[in-house]
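Okay, structure first, notes after.
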Amino acid sequence: MTFTLPDLPYDRTALAPHMSAETLEFHHGKHHQAYVNALNDLTKGTDLAGKSLDDIVKATYGKEDRQAIFNNAGQHWNHILFWQCMKPKGGGAMPGELERRIKADLGGVDKFKEEFVKAGVGQFGSGWCWLVVNKGKLAVTKTPNGVNPLALGQHGLLGCDVWEHSYYLDYRNRRPDYIKAFLEHLVNWEFVAQRLAKA
Ligand code: MN3
């Protein structure tokens with residue numbers, strides 16, 4: 001399979017001021033495109049050519065000789081999810097079933113948000129913070145670089161990119177402010193609830 005860059009599900013200007021058009025132009029148009037190009041180049045002519053993205057992520061995770069393929073496949077998977085996790089005028093109230101599960105498994109919405117910000121801020125260097133289903137329960141996690149819930153046998157519901165390219169133009173060094181704005185103004189909770197329903 002030749003992988004392609006998916007279109008953003010909204011206009012590049014639609015997430016401002018919380019995520020600027022300039023950030024999306026570089027993050028989607030340059031960074032994500034580079035992962036797609038590298039993944040295509042690295043898998044060309046190998047036994048992984050023609051495999052699905054999920055299969056490539058699972059087949060290459062933790063394999064020393066396939067680290068470069070995993071990094072780019074993982075990042076392609078992560079960004080496909082990330083763009084869908086946001087929408088213009090996001091944040092706000094979440095669908096009832098999602099809120100109920102967050103209360104039951106994570107001690108409430110405020111507690112969840114605190115843990116999510118803490119995970120993202122606590123990820124030293126580049127990486128991601130997540131809301132996942134792990135062994136039937138919701139959990140907040142963090143991963144380095146391109147590692148993702150799929151590689152770890154979990155079901156990812158919500159992912160936030162905490163690489164500097166995701167926030168530096170808009171927030172400079174203020175990663176906590178970026179993650180808080182992501183939760184309060186950008187997250188598409190209906191999308192997260194749909195993923196939970198399929199978990
Ligand atoms: Mn990124």
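Ligands are counted one by one from 1 in listed order, and the atoms in each one are counted from 1 as well. Just so you know, residue 1 is the first one in the sequence shown, and it goes up from there.
Under the salt bridge (charged side-chain N to carboxylate O under 4.0 Å, His left out) criterion, K118 pairs with E115, not counting sequence neighbours.
Here side-chain hydrogen bond (donor to acceptor under 3.5 Å, both in side chains) pairs that include residues 187-199, with residues two or more places apart or in two chains, are K87-E190. Here salt bridge (Lys or Arg N to Asp or Glu O under 4.0 Å) pairs that include residues 140-153, with residues two or more places apart or in two chains, number zero.
Atom CG in D161 sits 4.0 Å away from atom NE2 in H165 (nearest 0.5 Å). A distance of 6.5 Å separates CG in L131 from CG in L106, rounded to the nearest 0.5 Å.
Around the Mn ion (ligand 1), the protein contributes the following N, O or S atoms at distances under 2.8 Å: H27 NE2, H79 NE2, D161 OD2, H165 NE2.
The six-membered or imidazole ring of H27 lies near that of W83, with a centre-to-centre distance under 6.0 Å.
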